[in-house]
Amino acid sequence: MSPNPRSMAQRLAGRARDRARRGLHTAVHAGWQWVQRHGEITPHTPGRRRFAYLGEGACIGFPVGAIYGEPWISIGDHTLVGTHVTISAGFVPGLDLGPDVIVKIGSSCSLGRGTHIVGHQSIEIGNDVFTGPNVYITDQNHTYGDVAVPIGRQWPENNPVVIGDGCWIGTGAIILPGTRLGRNVAVAGGAVVRGEFPDHAVIGGVPAKVLRSYDAENGWQPPLRNSPLMSLDELAALSVDGLEGLQLLQDKLREEAG
């Protein structure tokens, strides 16, 4: 019995549609990768000229967030800024904010996707600072003292923010005006941080408080539950090895989990 010509034509048309859909899928994703790659802001693109400083090896991912006030923004060497990250100086674009840099981000930092850094007076982020996604850092707050005026119409207050070298700021944390973090401070995800915190501390909560701290005589208090998988020197060596080193680290983590 010969095949039905109509059903044969339908099968061929279906295969053609599948091939076209796969081809379109491949083209769309390849095109988006091209757009992302060529939309990045680096020291070798025209966008670098707008910044007070954009260091060698630095990269701002595309799509970018709301970035303005660039003449008052400095980003250090080899710092990676994720996609959809907002970095702003001043209320709106086009203002004259004076002679000094307002938002200064150090070298070898990594800012997670969707992070917001909103500066009006002074935000200083040290070297080797890492953030998770959707972190919010600002040096300005609204005031609410005049009960006869809507809060959004009252004059805001500025208070500088300093984040020390080597800090880690977890996903969704909020760093409020007047915060000063010491060196190598770990901020728990979702924390709301205001005030001064010492070097080598773990902080978390709303409002944030010190959960664990370190001193040379007693070590970590409360003591750490587990010893590290490897020394800092070993970890640094793995990071130089690229993907192979990361695979070794992944294998060690899997062994530790049992």
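Since the model is a prediction, treat every value here as computed from it, not as a measurement. Position 1 is the first residue of the sequence; numbering continues from there.
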- Message: I'd like to know whether Ser108 forms a side-chain contact (heavy atoms from CB on, under 4.5 Å) with His78, so could you lay out the CA-CA distance, the side-chain angles of the two residues, the decisive distance to 0.1 Å, and finally the verdict.
- Response: CA-CA 5 Å; Ser108 301; His78 306 293; 4.1 Å; yes

- Go through the steps to decide whether His200 and Trp220 satisfy the test side-chain contact (heavy atoms from CB on, under 4.5 Å), and finish with yes or no. CA-CA 9 Å; His200 309 297; Trp220 286 101; 4.3 Å; yes

- Task: Kindly determine whether Asp128 and Asp165 satisfy side-chain contact (heavy atoms from CB on, under 4.5 Å), including the steps that lead there.
- Result: CA-CA 6 Å; Asp128 301 297; Asp165 294 345; 5.7 Å; no

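Proximity of Phe197 to Cys167: side-chain heavy atoms (C-beta onward) are nowhere separated by under 4.5 Å. Between Ile169 and Val193, every side-chain heavy-atom pair lies at or beyond the 4.5 Å cut-off. Two residues are said to be in side-chain contact when any heavy atoms from C-beta on lie closer than 4.5 Å; Ile73 and Ile117 fail this criterion. Contact annotation: the side chain of Ile87 never approaches that of Phe51 to less than 4.5 Å [non-hydrogen atoms, C-beta and beyond]. Between Leu111 and Ile105, the closest side-chain pair of non-hydrogen atoms falls below 4.5 Å. Residues Asn184 and Tyr214 have side chains not in contact (no heavy-atom distance under 4.5 Å, counting atoms from C-beta outward). Inter-residue side-chain proximity for Arg212 and Leu224 is flagged as met; some heavy-atom pair is nearer than 4.5 Å. Proximity of Gln121 to Pro160: side-chain heavy atoms (C-beta onward) are separated by under 4.5 Å at one or more points.
Listed here is the closest heavy atom pair of Arg183 and Asp199: N-OD1, 2.7 Å. Nearest heavy atoms, Phe130 versus Trp168: CB-CE3, 3.2 Å. Between Thr131 and Gly112 the shortest heavy-atom distance is OG1-N, 2.9 Å. The shortest non-hydrogen separation linking Gly76 to Ala58 is O-CB, 3.6 Å. Here the closest non-hydrogen pair linking Gly55 and Pro43 is O-CG, 2.8 Å. For the pair Val187 and Ala173, the tightest heavy-atom approach, listed with the atom from each and the gap, is CG1-CB, 4.0 Å.
Both Phe91 and Ile67 sit in one connected hydrophobic cluster of ILVMFWY residues. Membership requires side-chain heavy atoms under 4.5 Å apart, directly or through other members. Phe62 and Val28 fall into different hydrophobic clusters, where Ile, Leu, Val, Met, Phe, Trp and Tyr side chains are chained together by heavy-atom contacts under 4.5 Å. Grouping the Ile, Leu, Val, Met, Phe, Trp and Tyr side chains by contacts below 4.5 angstrom, directly or via other members, places Val185 with Val210. Taken together through direct or relayed side-chain contacts under 4.5 Å among Ile, Leu, Val, Met, Phe, Trp and Tyr, Val92 and Val103 form part of one hydrophobic cluster. The hydrophobic clustering, which links ILVMFWY residues whose side-chain heavy atoms are closer than 4.5 Å, places Val135 and Val64 together.
More than 12 non-hydrogen atoms from other residues, nucleotides or ligands lie less than 6.0 angstrom from CZ of Arg37.
Put simply, the side chain of Thr143 gets close to the backbone of Trp155: a donor and an acceptor are under 3.5 Å apart. Counting only distance, with no hydrogens or angles, the side chain of Asp139 and the backbone of Val161 share no donor-acceptor pair below 3.5 Å. Using modelled atom types, one side-chain atom of His116 and one backbone atom of Gly114 make a donor-acceptor pair closer than 3.5 Å. Of the possible donor and acceptor atoms, one in the side chain of Thr86 sits under 3.5 Å from a partner among the backbone N and O of Ala66. A side-chain donor-acceptor contact under 3.5 Å links Thr42 to the backbone of His44.
Taking CZ of Arg48 as the start and CD1 of Ile60 as the end, the distance is 13.0 Å to the nearest 0.5 Å. Taking CD1 from Ile123 and OG1 from Thr138, the interatomic distance works out to 5.5 Å, rounded to the nearest 0.5 Å. Note that the CZ atom of Arg194 and the CG atom of Asn159 stand 6.5 Å from one another [nearest 0.5 Å]. Remark: Gln33 CD to Gln36 CD distance equals 7.0 Å, nearest 0.5 Å. Within the model, atoms CG of Leu95 and NE2 of His120 stand 10.0 Å from one another, a figure rounded to the nearest 0.5 Å. Between the NE2 atom of His29 and the CG atom of Leu24 there is a distance of 9.0 Å, given to the nearest 0.5 Å.
Look at Arg21 and Asp18 and you find a salt bridge, because one of the NZ, NE, NH1 or NH2 atoms lies within 4.0 Å of a carboxylate O, short of that distance.
In this structure, a donor-acceptor pair under 3.5 Å is absent between the side chains of Glu157 and Asn141.
Residues Tyr136, Ile174, Leu176, Val192, Val206 make up the rest of the hydrophobic cluster containing Val118, defined by ILVMFWY side-chain heavy atoms closer than 4.5 Å, directly or through other members.
Glu124 meets the salt bridge (charged side-chain N to carboxylate O under 4.0 Å, His left out) test with no other residue; sequence neighbours excluded.
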